[in-house]
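Worksheet: one structure, shown below.
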Protein chains: 2
Amino acid sequence: MAGKGAKDKLLEAAKELFYTGGIHATGIDKVIETAGVTRMTLYKYFPSKDDLILAVVELKSREVLEQTRMRVDAAPGNAGDKIMALFKILQQFTDDAGFCGCPFTNAVAEYSDPSHPVHAAAAKHTEAARGYLTELCRSAGAKEPDLLADQLSILLKGAVVLKALEGSCQVVRAARAAAVVLITAQGVELSEETLGA
Amino acid sequence: MAGKGAKDKLLEAAKELFYTGGIHATGIDKVIETAGVTRMTLYKYFPSKDDLILAVVELKSREVLEQTRMRVDAAPGNAGDKIMALFKILQQFTDDAGFCGCPFTNAVAEYSDPSHPVHAAAAKHTEAARGYLTELCRSAGAKEPDLLADQLSILLKGAVVLKALEGSCQVVRAARAAAVVLITAQGVELSEETLGA
DNA sequence: AAGATAGTATACCGATCGTTCTATCTACAA
DNA sequence: TTGTAGATAGAACGATCGGTATACTATCTT
């Protein structure tokens, strides 16, 4: 408790509650109760619930991008192997006990209006993730890095939402196998370790 | 309006409102106002809002499966071409003005608990769709029809949710191109018309 | 010592939520 | 004509929603 201010506690609580219980279905009372904070404190840092939601989405975006970059950097092998490391990250993410689908897809499901700040923030995150993936594909020497990045994005996102829908564990493996085909079709080499896994 | 009973009007209104505005965010009042029906009438046919939601999801499932089967049957070409027709259906679906992502993914985003009837209904639909797709892949002579069906499901679902997230129109084309690669890798032949499109 | 900072406690607001009750109107049979 | 069943309109329920107001208490700086 010592180092954590009320704002961080609120963001942490809201992040978890919004993700697992949905945004509209999660009331302010639940958030402040979980955070162990007073209502007035919440409204000091976040003038409205929408501001809190937006802050949560932006926080989640930063965390996902940062953690992904770190783990890809730490992955062994060549540039192609580093791309494939994304599917290992995906596997662990979807196997987590608290997994409830893609936080950004979930947010957009509740805010379909593209002009809404929450929708826009989720879209911005997806754009950033796409940019990072394109960069990876380019440095791996893919013939069409933009197309490959699109396709891998589709595979990753599709696997996440399908896993949330049906809970089957084979879906991530299928996505991984598809990625191997698409990546090698683009002239990118994968090491034996990656192909054998 | 003549032949339509109150129950159908309610289902139609709720289907539209839940899809575009979200389920929790759509109140009973909005539903009955849109349907042009009194509140007591709603509660006669649906004892609670949850029952209405469930009925809407199940209705949507039947509609999607039926329409998809019809359009695939009507598609020209061999069995592989019929699979690829799914991406044309997808294109039209995502280009529609009222497009708001995948209705079932959206529902699960608001009902993450797998034991909740709404979640279960969405999962059941996905299972049915998967079964149909597997059947298509098998009759097309794919080497691993189960794997291919998984991968195509991932591509279709991923394209839908990414399109909802970022609105880009290239994502469906990328999914289609990936499907061509994966399908031909499974030894399924595609006609010239399909490959050239 | 004084004052700012950060947070607590709680009571309250109007609006809306899902749901139920009641009073009224209508249609048809006896 | 009267009785009755069913649909309708709308008030009202308690609960909860997001948000505000007022008053109090630590803690830390200067």
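Throughout, a chain's letter reflects where its sequence line sits, starting with A, and its residues are numbered from 1.
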Practice task
Respond yes when some side-chain nitrogen or oxygen of B/Lys49 is under 4.0 Å from OP1 or OP2 of C/dT19, and no when none is.
Solution key: no
Problem - B/Tyr19 side chain to B/Gly101 backbone, donor-acceptor under 3.5 Å - result: yes
Distance check needed: [N] [atom2] versus [X] [atom1], whole Å only.
X	N	atom1	atom2	result
A/Tyr43	C/dC12	OH	P	19 Å
B/Ile23	C/dG18	CD1	C1'	15 Å
A/Asp29	D/dT20	CG	P	15 Å
A/Ile28	C/dC12	CD1	P	21 Å

Exercise for the section: May I ask you to verify whether the side chain of B/Arg39 and the base of D/dG10 hold a donor-acceptor pair under 3.5 Å? Expected result: no
Problem - Heavy-atom neighbours of A/Glu189 CD exceed 12 at 6.0 Å - result: no
Problem - Candidates C/dT10, D/dA9, D/dG19 - which lies nearest the side chain of A/Ser48 - result: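 In terms of side-chain proximity for A/Ser48, the closest of C/dT10, D/dA9, D/dG19 is D/dG19.
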Handout entry: Distance-only donor-acceptor check, side chains B/Asp113 and B/Ser115, under 3.5 Å
Key =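 The criterion, which ignores hydrogens and geometry beyond distance, is satisfied for B/Ser115 and B/Asp113.
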Problem - Geometric class of the B/His24/B/Tyr111 ring pair [parallel <30°, tilted 30-60°, perpendicular >60°] - result: parallel
Practice task
Check every strand shown and say whether B/Lys44 touches a base, only sugar-phosphate, or nothing at a heavy-atom separation below 4.0 Å.
Solution key: sugar-phosphate
